[in-house]
Amino acid sequence: MRVRVLGCSGAIAQGCRTTSFLLDDDVLIDAGTGVGDLTLDEMARVDHVLLTHSHLDHIAALPLMLDSVAALRLASGAAPLQVHALPGTIAALKVHIFNNLIWPDFSAIPSVDMPLMRFVSIAVGEVLHVGGKAIEVLPAVHTVPAVGFAAASASGHWVFSGDTGRNPAFWERVNQLPVALLVIETAFSDREHELAQRSLHLAPGLLAKELEQIDDHQHFPIYITHTKPAETGLIMEEIRRFDEAPDRADGSRHDIRWLNAGQTFEL
């Protein structure tokens, strides 16, 4: 399985694109502004979109992508694009985006029987089989219904936290998986600690407490995502500071790295 990082920023600025990952060439995890870096042909090959939640930075490109590839998909006779999400996320998209006011309802275009897009409800704990991949729906704790994902590969699972605050249930499941790498959000710096808690995001101090829940038998690289562009440098420095001190009795440290748009992982 190939994982291509299209966007991994918590907001936009020059060179900063919001969350989206392309698995092989047919599955998107979230549809933030990073999707805009795909060519038309690449967008047309996407058959499944898995959404962590309904916030704009994770769904902004979905309506635009559908508009861009509509003619290509219709001409090729492609099946409707499958959008997999929690019922609450689907409800939000229907009411606030695909409502024929903000954007056309592509779940009924060109017809209800043969639309360009179909919504598929998912649930925490479910294993989705899409595009020849097995992807488990993981719990997340956020201000709206939200999930993370774990995609299985021959070398272990690619795990994505989604947007989340403190999340014991997530770590309980992660410790049961053979993890190849973890992508986890840290949206705010510690000077915005209270805002992070109120908005159910992580800051470096909260991240440190979350990483303490990783079992001793687990050793995998941890990639930081979703940093706010104005605070990325400070967040990185604060994470380096807490990770300089040994975090376990055996003196080992976490293998913390920085996620960048354009990175590709082969698993």
Side-chain angles (χ1 to χ4, degrees), residues 3 6-8 10 18-23 26-35 46-66 79-99 102-103 105-108 115-131 133-152 157-174 176-177 182-185 187 196 198-202 210 225-226:
V3 180
L6 302 178
C8 55
T18 66
T19 303
S20 187
F21 303 91
L22 181 65
L23 275 54
D26 57 348
V27 175
L28 278 178
I29 302 290
D30 279 339
T33 62
V35 173
V46 174
D47 291 324
H48 300 272
V49 178
L50 280 59
L51 297 177
T52 58
H53 64 296
S54 60
H55 282 161
L56 188 61
D57 53 325
H58 296 256
I59 60 95
L62 177 60
L64 296 169
M65 182 182 78
L66 280 160
L81 178 74
Q82 305 287 300
V83 178
H84 306 260
L86 290 172
T89 302
I90 293 172
L93 290 172
K94 287 181 175 179
V95 171
H96 299 293
I97 303 295
F98 297 104
N99 57 9
I102 300 300
W103 208 250
D105 180 7
F106 282 110
S107 67
L116 282 161
M117 170 187 70
R118 277 208 173 100
F119 290 114
V120 181
S121 292
I122 62 175
V124 172
E126 184 178 358
V127 177
L128 312 176
H129 296 277
V130 294
K133 291 168 276 292
I135 303 175
E136 183 173 341
V137 184
L138 300 177
V141 179
H142 201 37
T143 55
V144 294
V147 297
F149 293 108
H157 284 65
W158 175 84
V159 178
F160 174 43
S161 70
D163 284 13
T164 189
R166 301 295 304 275
N167 192 358
F170 174 81
W171 299 108
E172 181 178 356
R173 182 58 184 141
V174 165
Q176 297 169 348
L177 296 173
L182 167 67
V183 176
I184 188 167
E185 72 119 285
R198 287 202 307 272
S199 60
L200 294 177
H201 280 288
L202 296 177
E210 288 298 278
T225 189
H226 206 281

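Pairing each heavy atom of Leu50 with each of Phe149, the nearest pair is CB-CZ, 3.7 Å. Nearest approach of Ala187 to Glu185, heavy atoms of both residues: N-OE1, 3.2 Å. The shortest non-hydrogen separation linking Ser107 to Pro115 is O-CB, 3.2 Å. For His96 against Ile102, the heavy-atom pair with the smallest separation is O-CG1, 3.3 Å. Closest approach of Val159 and Leu138 over heavy atoms only: CG1-CD1, 3.8 Å. Counting all heavy atoms, side chain and backbone alike, Glu172 lies closest to Gln176 at O-CG, 3.4 Å.
Residues Thr143 and His55 have side chains in contact (heavy-atom distance under 4.5 Å, counting atoms from C-beta outward). A heavy-atom distance below 4.5 Å is found between the side chains of Leu202 and Glu210. Contact of the Val147 side chain with the Thr89 side chain is not registered, since no non-hydrogen atoms from C-beta on lie closer than 4.5 Å. The shortest distance between side-chain heavy atoms of Pro63 and Phe98 falls below 4.5 Å. When side chains are defined from C-beta on, Leu22 counts as touching Val46, because their heavy atoms get closer than 4.5 Å. Residues Leu81 and Met65 form a side-chain contact, since some pair of their non-hydrogen atoms from C-beta on lies under 4.5 Å apart. Counting heavy atoms from C-beta outward, Asp26 and Lys133 have side chains that approach closer than 4.5 Å. Side-chain contact between Val49 and Met117 is absent, with no heavy-atom pair separated by less than 4.5 Å.
Atom CD of Glu126 sits in a crowded spot, with more than 12 heavy atoms from other residues, nucleotides or ligands closer than 6.0 Å.
Note: His53 NE2 to Ile59 CD1 = 9.5 Å, rounded to the nearest 0.5 Å. Expressed to the nearest 0.5 Å, how far CG of Leu62 lies from CG of Leu56 amounts to 11.0 Å. A distance of 6.5 Å separates CD of Glu136 from NE2 of His157, quoted to the nearest 0.5 Å. Here Leu64 contributes atom CG and Thr33 contributes atom OG1; the two are 10.5 Å apart, rounded to the nearest 0.5 Å. The structure places CG of Asp47 at 10.5 Å from CG of Leu28, a figure rounded to the nearest 0.5 Å. Summarising the geometry, atom CG belonging to Leu51 is positioned 8.0 Å from atom CD1 belonging to Ile122; distances are rounded to the nearest 0.5 Å.
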- Task: Determine, stepwise, if the pair Val3 / Val183 fulfils side chain to side chain contact (heavy atoms under 4.5 Å, CB included).
- Result: CA-CA 12 Å; Val3 180; Val183 176; over 6 Å; no

- Message: Is there a side chain to side chain contact (heavy atoms under 4.5 Å, CB included) between Phe160 and Ile29? Walk through the geometry before answering.
- Response: CA-CA 9 Å; Phe160 174 43; Ile29 302 290; 3.9 Å; yes

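Between the side chain of Asn167 and the backbone N or O of Pro139 there is at least one donor-acceptor pair closer than 3.5 Å. In terms of modelled atom types and a separation under 3.5 Å, the side chain of His142 and the main chain of Leu200 share a donor-acceptor contact. Of the possible donor and acceptor atoms, none in the side chain of Thr19 sits under 3.5 Å from a partner among the backbone N and O of Gly32. Between the side chain of Asp30 and the backbone N or O of Thr52 there is at least one donor-acceptor pair closer than 3.5 Å. Using a distance-only test at 3.5 Å, with no hydrogens or angles considered, no donor-acceptor pair links the side chain of Ser20 to the main chain of Gly7.
In this structure, a donor-acceptor pair under 3.5 Å is present between the side chains of His58 and Asp163.
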